[in-house]
Novice: 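First, the structure itself, so that you have it in front of you.
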Amino acid sequence: MKAVIEGGLETKPDNVLIYATSNRRHLIRETWNDRSDMVKDELHRSDTMQEKLSLVARFGVTINYSKPSQKEYFEIVRVLAQKQKINISEEELYAQANQWELSHGGISGRTAQQFINYLSGRQE
């Protein structure tokens, strides 16, 4: 994503604008004055507030890194092991993967990759 934003992969078209945030809903600075009912020149205060949040509503892209189920975790492990050409029975692979995730932070894609890296290092 960083390479795309910075233009490392290809040239950004002139009609594209990319906003990337990290856990931030309010892209435009908001002050207490924005919420003041005493502003005399503001006829439609709620419209102004909505406009400030509109980038999220219109263009917001949320990338969710949810926890996989155990079945999905085992599938990730199986595919990664296959790519690394790790020769171990599926039953043994799953048993070791289960032990690994219990002692290394729980079920996640990262845990699966670290487990496969560990197995790969032991084979060499």
Novice: Under the side-chain contact (heavy atoms from CB on, under 4.5 Å) rule, collect the residues that match up with Gln70, sequence neighbours excluded.
Specialist: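 Partners of Gln70 by the side-chain contact (heavy atoms from CB on, under 4.5 Å) criterion, ordered by chain and then number, come out as Phe74, Asn98, Glu101, Ile107.
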Novice: I need the minimum non-hydrogen distance between Leu93 and Phe115, along with the two atoms involved.
Specialist: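 Minimum heavy-atom contact is CD1-CE2, 3.8 Å.
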Novice: If you look at every heavy atom in Gly109 and Ile76, which pair is closest and at what distance?
Specialist: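 What the structure gives for the nearest pair is CA-CD1, 4.5 Å.
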Novice: Say you draw a straight line from OG of Ser108 to CD of Gln114; how long is it, rounded to the nearest 0.5 Å?
Specialist: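 Ser108 atom OG to Gln114 atom CD measures 7.0 Å (nearest 0.5 Å).
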Novice: Do you know the tightest heavy-atom contact between Val77 and Ala112?
Specialist: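 Scanning both residues, the minimum pair turns out to be CG2-CB, 3.7 Å.
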Novice: When rounded to the nearest 0.5 angstrom, what distance separates CD in Gln96 from OH in Tyr118?
Specialist: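 So the gap between those two atoms works out to 7.5 Å.
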Novice: Going by atom type alone, with no hydrogens or angles, which donor-acceptor pairs under 3.5 Å involve a side-chain atom of residues 81-89 and a protein atom two or more places apart or on another chain?
Specialist:
residue: Ser89; atom: OG; partner: Glu92; partner atom: N; Å: 3.1

Novice: Using the test side-chain contact (heavy atoms from CB on, under 4.5 Å), find all partners of Ser103 that sit at least two apart in sequence or belong to another chain.
Specialist: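 For Ser103 there are no side-chain contact (heavy atoms from CB on, under 4.5 Å) partners, ignoring immediate neighbours.
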Novice: Side chains of Tyr73 and Lys67: closer than 4.5 Å at any heavy-atom pair?
Specialist: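 Sidechains of Lys67 and Tyr73: no contact.
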Novice: CD of Gln113 to OG of Ser120: how many Å apart, nearest 0.5 Å?
Specialist: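 Between Gln113 CD and Ser120 OG, I get 9.5 Å after rounding to 0.5 Å.
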Novice: If I take atom CG from residue Leu80 and atom CG from residue Asn117, how far apart are they, to the nearest 0.5 angstrom?
Specialist: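 The CG atom of Asn117 is 8.5 Å from CG of Leu80, to the nearest 0.5 Å.
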